[in-house]
*Asks:* 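Starting off with a structure, shown below.
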Number of protein chains: 2
Amino acid sequence: MSTAPAPARRPRRHDPGRRERLVATALDVIADVGVTAATHRAIARAADVPLGSLTYHFSSLDELHAAAFTRHVDEVAPRFDELMRAAAGVGEALEALVGHLTGDLLGSDRDLVLAVELYVAAARRPALRAVTQDWMQRSRRSLERHFDPVTARELDALVEGLVLHSALSTDPMDAGQIRSAVHRFAR
Amino acid sequence: MSTAPAPARRPRRHDPGRRERLVATALDVIADVGVTAATHRAIARAADVPLGSLTYHFSSLDELHAAAFTRHVDEVAPRFDELMRAAAGVGEALEALVGHLTGDLLGSDRDLVLAVELYVAAARRPALRAVTQDWMQRSRRSLERHFDPVTARELDALVEGLVLHSALSTDPMDAGQIRSAVHRFAR
DNA sequence: CCCCGATGCGTACGCTCGTCCGCATGAACT
DNA sequence: AGTTCATGCGGACGAGCGTACGCATCGGGG
């Protein structure tokens, strides 16, 4: 019976790497509630830091959002490139694509939601548009390991459509159908 | 020199069909500034009606947004179906699709923006999700006039991807490339 | 050992938002 | 003509927002 009730102390002085942690938390919040609801306060609450900490580390909310999405792209794009690099030929590349779509992406809602959130946010905010374009470009580069540039771009568009379609539809396409669609580009 | 300055009178008593006009204006505002910025006040300003008029005609902002998107789908879906109905065979259907993508859609930013806005809004709001799914279903039905259901669904996804891709990319695909992509589904 | 600048903390300000409510008005029906 | 009621109007309220700012704290260089 030392101190009074004391509503949960927070002795977190000197917290190195807090900036990094804030970016990661921001990404989680965006995936949870959408980019427009990912406010300073929501992110601060999720990261268990005071509100002022956010404006200290990031000069604006926009900058924080951009940092979060950039981090996401920097994590996802290399993974995809690795997938393409590992494929031996066109056949394996297509099959890797099918696996990526049915497993990695559509399996976990998180990446799917983040992709759509980025699409929509980019439509209105120039800073995020650059991030989106960077992502598209890197995807195409990865595909060009096995496909000519024209086919790569078409495949990229198809993948984008499949992702969106699956995110919004109640009865998503099964693996067989996705395989069928992807293999149309086996030229 | 009759009356004082009088800051722009608004004598609009008894305005039948105002509800309709509000829906149309809401759609314009959404296309202009995005669904998250399409607030009661923004729409009221654009339609030149007092703020209270909106809550009188629509029980919530969500309902107004849903009404706007529903109206858009009810205008766009029949147009697309007409396009498919007019095509004589698979070849003409594919070519009509190419024309639709390069002309109607990508030509005017408006429909493109509205499509993306609906995608993103639907991801978070169940009421809008129903509208999106209705749209997808009607698109597929139209395509099934010429393609088997499996192909129709794949084509639908491709179209969605092409739309998104074109909306967000600075150097959109040209007509030839779109034609090439669409014709992969000429089975 | 001391100080000082980087970092953390809490709060306040000004703004916009969705929604609500009391009153005014005039078309339609008796 | 009189009454009623759907419709229009404008202001108000409370909540949540982004951002700014003054003070507290502490690690590391002198």
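In what follows, chains carry the letters A, B, and so on, assigned in the order in which the sequence lines appear, proteins first and then strands, with residues in each chain numbered from 1.
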*Asks:* Measure CG/B/Leu54 against P/C/dC20 and give the value in whole Å, please.
*Replies:* 13 Å
*Asks:* Is there a donor-acceptor contact under 3.5 Å linking the side chains of A/Thr132 and A/Asp134?
*Replies:* no
*Asks:* Measure the distance from CZ on A/Phe58 to P on D/dA20 and round it to the nearest whole Å.
*Replies:* 16 Å
*Asks:* Any side-chain N or O of B/His57 below 4.0 angstrom from OP1/OP2 of D/dG8?
*Replies:* yes
*Asks:* I want to verify a distance call: between C/dC9, D/dG18, D/dG8, whose nearest atom is closest to the B/Arg18 side chain?
*Replies:* D/dG8
*Asks:* From the options C/dA6, D/dA6, D/dT19, select the nucleotide whose nearest atom is closest to the side chain of A/Tyr56.
*Replies:* C/dA6
*Asks:* Check the distance between D/dT19's C1' and A/Ile43's CD1 and give it to me in whole angstrom.
*Replies:* 14 Å
*Asks:* Provide, to the nearest angstrom, the distance between the CG atom belonging to B/Asp62 and the C1' atom belonging to C/dT19.
*Replies:* 13 Å
*Asks:* Are side-chain N/O atoms of A/Glu154 and B/Ser180 paired as donor and acceptor at under 3.5 Å?
*Replies:* yes
*Asks:* Taking atom CG of A/Asp48 and atom OG1 of A/Thr25, what is their separation to the nearest 0.5 Å?
*Replies:* 10.0 Å
*Asks:* Tabulate protein N/O versus nucleotide N/O from nucleotides 11-16 of chain D, keeping only pairs under 3.5 Å, one per line.
*Replies:*
none

*Asks:* Provide, to the nearest angstrom, the distance between the CZ atom belonging to A/Arg125 and the P atom belonging to D/dG18.
*Replies:* 11 Å
*Asks:* Quick one: B/His40 NE2 to C/dC17 C1', roughly how many Å, whole number?
*Replies:* 10 Å
*Asks:* Calculate the interatomic distance between B/Leu61 atom CG and C/dT19 atom P; express it in whole Å.
*Replies:* 6 Å
*Asks:* Is the B/His100 ring parallel, tilted or perpendicular to the B/Phe80 ring (thresholds 30°, 60°)?
*Replies:* tilted
*Asks:* Atom CG of A/Asp48 and atom P of C/dG10: how far apart are they, to the nearest Å?
*Replies:* 10 Å
*Asks:* Distance only, no hydrogens: is a donor on one side chain within 3.5 Å (strictly under) of an acceptor on the other, for B/His65 and B/Arg125?
*Replies:* yes
*Asks:* Is any side-chain N of the basic residue among B/Asp171 and A/Arg153 closer than 4.0 Å to the acidic one's carboxylate O?
*Replies:* yes
*Asks:* Are A/Thr151 and B/Arg184 close enough that a side-chain donor and a side-chain acceptor fall under 3.5 Å?
*Replies:* yes
